[in-house]
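Reckoned from all heavy atoms, side chains included, excluding hydrogens, waters and symmetry mates.
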Amino acid sequence: MQVTISGHHVDVTEAIHNYIESKLERLTHHSDLITSINVTVSVEKLTQKAEAKIHVNGKDLFADAESEDLYAAIDAMTDKLDRQLIKHKEKLRSHR
């Protein structure tokens with residue numbers, strides 16, 4: 001699994017990088033089919049934004065979240081991706 005983390009108008013510090021990596025660890029428990037994850041964190045005036053694109057076998061999943069706190073935005077984004085992965089996994093099982 002390839003993870004790419006980038007920042008737009010914000011420097012991605014080691015603490016932010018480690019926090020994102022630890023949150024993405026939870027996603028790998030649901031699916032071994034993840035091939036790549038692209039995460040972008042950005043700052044727009046007073047809002048912090050986190051968005052991610054996950055490439056799973058046969059499909060791309062996208063989630064974004066905004067908050068006043070960057071860590072809260074990352075949490076919300078990973079929660080959305082978690083739900084999408086579970087839903088995708090259930091669809092794969094039901095079609096087999």
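Note that CG of Leu24 is 6.0 Å distant from CE of Met77, once rounded to the nearest 0.5 Å. Rounding to the nearest 0.5 Å places CG of Leu85 at 10.5 Å from NZ of Lys59. Taking CD1 of Ile5 as the reference point, atom OH of Tyr19 lies at 13.0 Å (rounded to 0.5 Å). Here the NZ atom belonging to Lys91 is positioned 13.5 Å from the CD1 atom belonging to Ile86, to the nearest 0.5 angstrom. In this structure, CG on Leu81 lies 4.0 Å from CD1 on Ile54, to the nearest 0.5 angstrom. One finds the CD atom of Glu44 at 5.5 Å from the NZ atom of Lys49 (value rounded to the nearest 0.5 Å).
Surrounding CG of Asp11 are at most 12 heavy atoms belonging to other residues, nucleotides or ligands under 6.0 Å away. Within 6.0 Å of atom NZ in Lys53, 12 or fewer heavy atoms from other residues, nucleotides or ligands are found, so the atom counts as exposed in its surroundings.
The two residues Ala50 and Val41 have their closest heavy-atom pair at CB-CG1, 4.3 Å. Across all non-hydrogen atoms, the minimal contact from Thr40 to His8 is CG2-CB, 4.4 Å. The nearest pair of heavy atoms linking Lys23 to Asp75 is CE-OD1, 2.9 Å. Glu51 and Asp64 get closest at one heavy-atom pair: CB-CB, 3.6 Å. Heavy-atom minimum distance, Ser67 versus Ala72: OG-CB, 3.6 Å. Here the closest non-hydrogen pair linking Val43 and His9 is O-CB, 3.9 Å.
A salt bridge between Asp79 and Arg26 is present, with a side-chain N of the basic residue lying under 4.0 Å from a carboxylate O of the acidic one.
In terms of modelled atom types and a separation under 3.5 Å, the side chain of Asp82 and the main chain of Thr78 share no donor-acceptor contact. At distances below 3.5 Å, at least one donor-acceptor pair connects side-chain atoms of Gln84 with backbone N or O atoms of Phe62. With hydrogens and angles disregarded, a donor-acceptor distance shorter than 3.5 Å links the side chain of Thr35 to the backbone of His55.
Looking only at side-chain heavy atoms (C-beta outward), Ile37 and Gln2 stay at 4.5 Å or farther from each other.
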